[in-house]
Trainee: 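Could you have a look at this structure, given as structure tokens, before my questions?
Atoms within a ligand are numbered from 1 in the order they appear, just like the ligands themselves. Model, not experiment: these values are computed from the prediction.
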Amino acid sequence: MSHEFYMQRCFQLAAFGKGLVAPNPMVGAVLVHNEDIIAEGFHHKFGGPHAEVVALQNINDAALLKNSILYVNLEPCSHFGKTPPCADLIIEKQIGQVVIANLDPFPQVNGSGIEKLKAAGIKVISGILEKEGRFLNRRFFHFHEKKMPWVILKWAETNDGFIASLPENKNERVTLISNQESRTLVHQWRSEESAIMVGMNTLLTDNPYLNSRLVNGQNPVRIVLGNGNELPPDLNIFEDKNTSVLIYNFSITEIKGNAEWVKLEKNGQVLNQLLHDLYKRGLNSLIVEGGTITLSSFINAGLWNEARVFKAPHSLGSGIAAPKLPNAKVLTNQAIGSDRLCCIINTENFN
Ligand code: AOF
Ligand code: ZN
């Protein structure tokens with residue numbers, strides 16, 4: 001079997017940590033002896049043992065390690081974080097060879113894990129399925145390299161290009177565009193991202209909960225941008241006291257219960273400031289769910305990475321127009337029941 005085969009298995013294992021390990025990367029590890037997989041592991045949750053440690057715990061015959069290859073999609077760490085360095089453990093266990101997809105961009109590791117292994121006489125090969133590994137951990141790489149979270153834009157539009165009815169035509173509180181299956185999928189996505197944001201208009205007209213209630217998963221931190229000091233205290237976003245709400249505004253800095261008001265500079269680049277503040281809080285991904293003004297402000301500033309657009313089979317005739325995307329490459333276009341889901345990547349920020 002090829003290095004690529006075992007690395008694919010690392011990616012599969014790593015993906016079990018989706019939504020549970022952020023802001024850490026998703027990492028999987030496979031121990032191979034004479035082409036047989038003798039143990040596997042992955043990083044299960046933030047603060048928990050790293051993938052290599054779990055794989056080594058699952059080994060039955062330690063005598064095989066000397067002639068084994070450890071496949072791991074991220075360079076083994078060399079720092080003391082919440083857990084001791086994996087590189088030291090690999091050296092101690094006398095594993096013969098290590099094969100890696102990506103170097104760790106985390107400043108405290110960044111090549112020193114590989115150096116440590118090589119200095120101990122371990123053969124190291126890196127760069128196997130490097131691009132696929134970067135895509136799997138795109139949030140983590142973007143977070144460390146750009147010092148801001150990976151931004152996902154999401155909206156649902158009708159087949160005539162509207163995301164909502166005009167306010168005067170609204171006969172119910174929220175006009176539902178996409179189907180139930182699509183909305184459940186969105187809750188799954190919410191559970192996989194660190195933070196979620198909507199604009200002030202959407203917040204006040206739709207009064208959303210912005211949680212993952214349709215699936216079994218974590219709730220993202222809720223983000224709002226606007227004159228937050230005027231928010232009604234009984235909004236649904238304030239209901240769940242276990243999830244934080246960050247209200248970025250231009251006048252006050254304050255903490256009240258689960259809500260924090262964060263003051264931004266009016267004259268600076270507002271979204272840059274907001275995203276950098278999310279970085280400082282360790283939030284490595286943000287899903288932006290509307291409305292058009294908020295989505296377009298991310299698009300116009302070039303501060304978006306992915307877009308997930310649902311197209312419903314019905315039309316509205318008039319309404320609020322959907323945003324327009326430049327520099328985009330369609331990754332997938334699939335049916336979700338009667339809707340179509342188009343996943344797009346910003347080629348300016350990822351290639
Ligand atoms: C690995 N294997 O499975 C992961 C690694 O706070 P800690 O101790 O969990 O360290 C977190 C950092 O370790 C994280 O930012 C990244 O650089 C690396 N993650 N390294 O060798 C793993 N998850
Ligand atoms: Zn480690």
Trainee: Counting N and O atoms only, with roles assigned by atom type, does the side chain of Thr202 sit under 3.5 Å from a partner on the main chain of Gly291, one being a donor and the other an acceptor?
Mentor: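 Answer holds: yes.
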Trainee: If the condition is side chain to side chain contact (heavy atoms under 4.5 Å, CB included), which residues does Asn201 pass it with, not counting sequence neighbours?
Mentor: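 Applying side chain to side chain contact (heavy atoms under 4.5 Å, CB included) to Asn201 gives Ile293.
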Trainee: Of all the non-hydrogen atoms in the protein, which one sits nearest to atom 21 (O) of ligand 1, and at what distance?
Mentor: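 The protein heavy atom lying closest is Glu52 OE2, 2.7 Å.
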Trainee: Between Arg308 and Glu306, does any NZ, NE, NH1 or NH2 come within less than 4.0 Å of an OD or OE carboxylate oxygen?
Mentor: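 Salt bridge present between Glu306 and Arg308.
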Trainee: I want to confirm something. Looking only at heavy atoms, which of His144, His44, Lys82 is nearest to atom 7 (P) of ligand 1?
Mentor: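 Result: the heavy atom closest to atom 7 (P) of ligand 1 is in Lys82.
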Trainee: Report the C-alpha distance between Trp189 and Phe310 in whole Å, list the side-chain angles of each, state the deciding distance to 0.1 Å, and finish with yes or no for ring pair (Phe, Tyr, Trp, His ring centres under 6.0 Å).
Mentor: CA-CA 13 Å; Trp189 294 342; Phe310 290 98; 5.5 Å; yes
Trainee: Holding to side chain to side chain donor-acceptor pair (under 3.5 Å), I want the full list of residues that pass it with Lys311, two or more places apart in sequence or in another chain.
Mentor: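 Side chain to side chain donor-acceptor pair (under 3.5 Å) check on Lys311 returns Glu157.
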Trainee: Can you tell me the protein heavy atom closest to atom 3 (O) of ligand 1 and the distance?
Mentor: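 In this structure, atom 3 (O) of ligand 1 has Ala51 N, 2.8 Å as its nearest protein heavy atom.
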Trainee: Do Asn300 and Ser297 have a side chain donor and acceptor closer than 3.5 Å?
Mentor: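 Ser297 and Asn300 do not have a side-chain donor-acceptor pair below 3.5 Å.
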Trainee: If you leave out waters, which protein N, O or S atoms are less than 2.8 Å from the Zn ion (ligand 2)?
Mentor: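 The answer is His50 ND1, Cys77 SG, Cys86 SG.
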Trainee: So is there a nitrogen or oxygen of Cys86 less than 3.5 Å from a nitrogen or oxygen in ligand 1?
Mentor: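 In fact, backbone or side chain, Cys86 has no N or O that close.
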Trainee: Before accepting this row, confirm whether a basic side-chain N of the pair Arg139/Glu193 lies closer than 4.0 Å to the acidic partner's carboxylate O.
Mentor: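 Glu193 and Arg139: salt-bridged.
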Trainee: Less than 4.0 Å between a side-chain N and a carboxylate O, is that true for Glu289 and Arg222?
Mentor: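 So Arg222 does not pair with Glu289 through a salt bridge.
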Trainee: Which of the listed options, Asp104, Leu89, Asn24, Val21, holds the heavy atom that is closest to atom 11 (C) of ligand 1?
Mentor: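 Shortest heavy-atom distance from atom 11 (C) of ligand 1: Asn24.
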Trainee: Are any of the side-chain nitrogens in Glu145 or Arg138 under 4.0 Å away from the carboxylate oxygens of its partner?
Mentor: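 No, Glu145 and Arg138 are not salt-bridged.
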Trainee: Starting from Phe16 and following side-chain heavy-atom contacts under 4.5 Å between hydrophobic residues (I, L, V, M, F, W, Y), which residues can be reached?
Mentor: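 Members besides Phe16, by chain and number: Met1, Phe5, Tyr6, Met7, Phe11, Leu13, Val21, Met26, Val30, Val32, Ile37, Phe42, Ile69, Tyr71, Val99, Ile125, Ile128, Leu129, Leu136.
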Trainee: Please list, in number order, the atoms of ligand 1 under 4.0 Å from a heavy atom of His79.
Mentor: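 So the answer, numbered in order with elements, is 10 (O), 12 (C), 13 (O).
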Trainee: Would you tell me whether Asp240 and Tyr209 have side-chain atoms, one donor and one acceptor, within less than 3.5 Å of each other?
Mentor: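 No pair is found: no donor N or O on one side chain lies under 3.5 Å from an acceptor on the other.
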Trainee: List every atom of ligand 1 that sits less than 4.0 Å from any heavy atom of Val27, numbering the atoms from 1 in the order shown and giving each element.
Mentor: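 So the answer, numbered in order with elements, is 3 (O), 4 (C), 22 (C), 23 (N).
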Trainee: Identify, by atom number and element, the atoms of ligand 1 in contact range of Pro76, meaning under 4.0 Å from any of its heavy atoms.
Mentor: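 In order of numbering, the contacting atoms are 21 (O).
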Trainee: Does Met26 come within less than 4.0 angstrom of ligand 1, counting non-hydrogen atoms of the residue?
Mentor: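 The answer is no: ligand 1 sits nowhere under 4.0 Å from a heavy atom of Met26.
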Trainee: Pull out every atom of ligand 1 sitting under 4.0 Å from any heavy atom of Thr83, numbered as shown with elements.
Mentor: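 Going through ligand 1 atom by atom, the ones under 4.0 Å from Thr83 are 8 (O).
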Trainee: How close does the nearest protein non-hydrogen atom get to atom 23 (N) of ligand 1, and which residue and atom is it?
Mentor: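 Its nearest protein heavy-atom neighbour is His43 CD2, 3.3 Å.
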Trainee: Considering only non-hydrogen protein atoms, determine which one is nearest to atom 1 (C) of ligand 1 and report residue, atom name and distance to 0.1 Å.
Mentor: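 The closest heavy atom on the protein side is His50 ND1, 3.3 Å.
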Trainee: Would you mind listing which atoms of ligand 1 come within a distance below 4.0 Å of any non-hydrogen atom of Phe106?
Mentor: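 Taking each heavy atom of Phe106 in turn, ligand 1 has 15 (O), 17 (O) under 4.0 Å.
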Trainee: Around Gln269, counting heavy atoms of other residues, nucleotides and ligands shown, do more than 12 lie under 6.0 Å from its CD?
Mentor: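 No.
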